[in-house]
Amino acid sequence: MTDQKSASTTVDGAVDSSTSSNFIRNKIADDIKQNKHGGRVHTRFPPEPNGYLHIGHAKSICLNFGVAAENSGLCNLRFDDTNPEKESQEYVDAIKDNISWLGFQWNGDVRYSSNYFEQLYAFAVQLIESGKAYVCDLSAIEAREYRGSLTEPGRNSPYRDRSIEENRGLFERMRTGEFADGSCSLRAKIDMAAPNINMRDPVLYRIRHIEHHQTGTQWCIYPTYDYTHCLSDAIEGITHSLCTLEFEDHRPLYDWILHALEIASIAGASDLEDTDSKYVLPEQTEFAKLKLNYTIVGKRKLKEMVETNVVTGWDDPRMPTLAGMRRRGFTAAALRNFCESVGVARSDSIVDLGMLEHAIRDDLDKNSPRAMCVLNPVTVVLTNLPDEHLQILSMANHPKVDEMGRRSVPLTKRVVIDRSDFEELPVQGFKRLIAGGEVRLRGAYVIKCIDVIKDGAGELIELHCSVDLDTLGKKPEGRKVKGVIHWVSEAKGIPLTVRLYDRLFSVENPESKDIEDIRECLNEDSLIEITSCIAEPSIMEEGASSSYQFEREGYYCLDEKESSENKLVFNRTITLRDSW
RNA sequence: UGGGGUGUCGCCAAGUGGUAAGGCACAAGGUUUUGAUCCUUGCAUGCGUUGGUUCGAAUCCAGCCACCCCAGCCA
């Protein structure tokens, strides 16, 4: 058995975790061994610009770009823009931005299927001339009736036997705009009785008098996905056309179209510079989509959530979109590692959110500088310190990575700690501050709670604690202090707002068919805002990071969209693991 | 009830006839000035099911069962 572990490197230089074998890697290795495409590996990522990219697309991006990179191959970015009705430039721009952010660089210029409209038209004429396509006047509704059903064969269209001459004329008139939308279509002449419904004379071209975001008003007929995709692949010299499982039934059609045309004319139209090795047609291979529990990955529903204001936009930090996850503080490397860890296979599966969370924590733990931030402040007066006490403590930015440097943290007589770190009636095993008990202020001294000050209603006002001045950087003598809590100088701390995010849905499978309205299963606590937090001043210093591990709280990042000069907003990316 | 797929630990997943990798989760220890990280250990006599072939089967064969996809002039 050969060693199939290796590491892949992305454009930002980050080395991702080790890879393992999957059926696509195996197939490509095999193709290379057999010199199938002259040893070339050329893939493509082909989104339709009709929405924002999400975690599911990340899997496809990592696969396509990854597998190309591993084999010194190329990967194109191609917008599959054959249906102008749903598409827009906004999506094109966002998608390009997302892919770059994820850390991948496409080969050459961005491609558009619409770049090939002229060539595609010429190929369609070829099909007509060889008697393999015809113009059909059936309406969409009639065509559905003629198509038959899953269990019954279809019937031939009455227009199926038009002469080549007539078809050529009609198709040309379709292009010049003589016909209304839907009045006719160009169809492949295959087999109306085929058990695979995709082969029952599929539509190749439809009439749409509508402006296209790339080609403007140049065209009023648009090729369908099935007709366009295989030919775009062929033109770009794609060797491995990777797509998801639902296209499996389209593969016979993908192959039919390519074989219906003269291979020489396809080769001639392709990007490939003159061919040392003979031209080989691209081959489609399908893999399972990525699904995650507690999340929705369906463009239609994501769009619906944006439009009904269930979330604030495509980049809402709770969204599984790349834009949302980025704003949430997920890193590109973490997402890449996650995609790798999930693997690529053909079985339908639903990945546990815990896997994603692990990938995020794993990356953030290694790379985030530490800081202290108190979410629910309660004042602690250090009684044996003078009123004007100001001590600058030096703390490591990372407990294990010295290269990340150190920071200065001011200690004053009055500090704040988190309300939950003090308990009058502690449960068994409580390791934090209790009346009369000791605890260490992280990076500073051990303190002892000597007085609990309350108001008339019994509400906690402040804590009075004494400092053991002999415990800075060393253990106290003669006793063990187990607890360590974070703190911030009350006077020197920086006020900020924090947004705590949690999963958007309260059920494991929000995409389940028996949920009619997704609003029924929303997690009420998916966003909690806390406005009275106080963080150590280092986070505002010149050159400060925009993301941190707030010690004992979790990973947080600055929300640039929500922050202003007098209001700082941090998003909680994810909590720390908590086994307590 | 046509066609195409898929079933290996709670969740992913490797494995392609030689006696079940790995990750997540979980559990138990250890280290620790983050109840984090890190380390160590444990976690499928079993691969949807029933038969068959074989010295030997998750891997080959047959039947059965379950689930997913397809009847857009969407992708």
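Chain letters run A, B, ... following the sequence lines, proteins first, then strands; residues in each count from 1.
Atom name C1', nucleotides B:rG3 and B:rG51: the rounded distance is 28 Å, in whole Å. Of the P atoms belonging to B:rA57 and B:rG52, the separation is 12 Å, rounded to the nearest Å. Only the P atoms considered, B:rG10 is 16 Å distant from B:rA27, to the nearest whole Å. Taking atom C1' in both B:rG48 and B:rC68, one finds a spacing of 15 Å when rounded to whole Å.
Base contact: A:R370 has a heavy atom under 4.0 Å from a base atom. Residue A:T82 is classed as a sugar-phosphate contact, given heavy-atom separations below 4.0 Å to backbone atoms only. Nucleic acid contact for A:R432: base, since at least one base atom lies under 4.0 Å from a heavy atom of the residue. When heavy atoms are screened at a 4.0 angstrom cut-off, A:F247 is found touching base atoms of the nucleic acid. The residue A:E85 sits apart from the nucleic acid: no heavy atom pair falls under 4.0 Å. Counting any heavy atom pair closer than 4.0 Å across all strands shown, A:A288 reaches no nucleic acid atom. Note on A:P46: nothing from the nucleic acid sits closer than 4.0 angstrom, heavy atoms only. Among the atoms of the strands shown, base atoms are found under 4.0 Å from some heavy atom of A:F430. Among the protein residues, A:G429 comes within range of the nucleic acid bases, having at least one heavy atom under 4.0 Å from a base atom. Residue A:R147 is in sugar-phosphate contact alone, with no base atom involved, counting any heavy-atom pair closer than 4.0 Å across all strands shown. Across all strands, A:L138 comes closer than 4.0 Å to base atoms (heavy-atom distances). Contacts of A:R552 with the nucleic acid, taken as non-hydrogen atoms under 4.0 Å apart, include base atoms. Within 4.0 Å (heavy atoms only), A:A140 reaches at least one base atom of the nucleic acid. Looking at heavy-atom distances under 4.0 Å, A:H486 makes no contact with the nucleic acid at all.
Among the nucleotides B:rG35, B:rC24, B:rA14, the one closest to the side chain of A:V484 is B:rG35. Considering only the side chain of A:D362, B:rC38 comes nearest among B:rA13, B:rC74, B:rC38. Which of B:rA75, B:rA25, B:rA14 sits closest to the side chain of A:H358 comes down to B:rA25. With distances taken from any side-chain atom of A:K400 to the nucleotides B:rA36, B:rG35, B:rC38, the minimum falls on B:rC38.
Nearest-nucleotide assignment on RNA chain B puts the 5′-proximal partner with A:H398, out of A:H229 and A:H398.
Salt-bridge check for A:E423 with A:R432: failed, with every basic side-chain N at 4.0 Å or more from each acidic carboxylate O. A salt bridge links A:R208 with A:E85: at least one charged nitrogen is closer than 4.0 Å to a carboxylate oxygen. In summary, A:R78 and A:D233 engage in a salt bridge, as defined by a charged side-chain N under 4.0 Å from a carboxylate O. A salt bridge does not link A:K482 to A:E438: none of the charged nitrogens lies less than 4.0 Å from a carboxylate oxygen.
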- Note on the structure: Scoring nucleotides 1-6 of chain B by protein non-hydrogen atoms under 4.0 Å (B base, S sugar-phosphate only, - none) yields SBBSSS
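Remark: A:R78 is not in phosphate contact with B:rA75, judged by side-chain N or O atoms under 4.0 Å from OP1 or OP2.
Distance alone, capped at 3.5 Å, places no donor-acceptor pair between the A:R442 side chain and the A:R440 backbone. Judged by distance alone, the side chain of A:T215 and the main-chain N or O of A:H212 form no donor-acceptor pair under 3.5 Å. Looking only at distances, a side-chain donor or acceptor of A:H209 sits under 3.5 Å from a matching main-chain atom of A:F179.
Of the options A:K448, A:R479, A:K474, a salt bridge (charged side-chain N to carboxylate O under 4.0 Å, His left out) to A:D468 is made by A:R479 and by none of the others.
In this structure, B:rG72 is classed as syn because its glycosidic torsion stays within 90° of zero.
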- Task: Take A:Y121 and A:Y205, measure what side-chain contact (heavy atoms from CB on, under 4.5 Å) needs, and give me the verdict at the end.
- Result: CA-CA 9 Å; A:Y121 181 84; A:Y205 271 88; 4.2 Å; yes
- Task: Begin with the C-alpha distance, continue with both residues' side-chain angles, and end with the deciding distance and a verdict on side-chain contact (heavy atoms from CB on, under 4.5 Å) for A:Y112 and A:T82.
- Result: CA-CA 9 Å; A:Y112 296 85; A:T82 57; over 6 Å; no
- Message: Let's test your reading of the pairing rules: Watson-Crick or G-U wobble, both distances under 3.5 Å, then write RNA chain B as a dot-bracket string with ( ), [ ], | and dots.
- Response: .(((((((.[[[..)..(...]]].(((((.......))))).....[[[[[..)....]]]]])))))).....
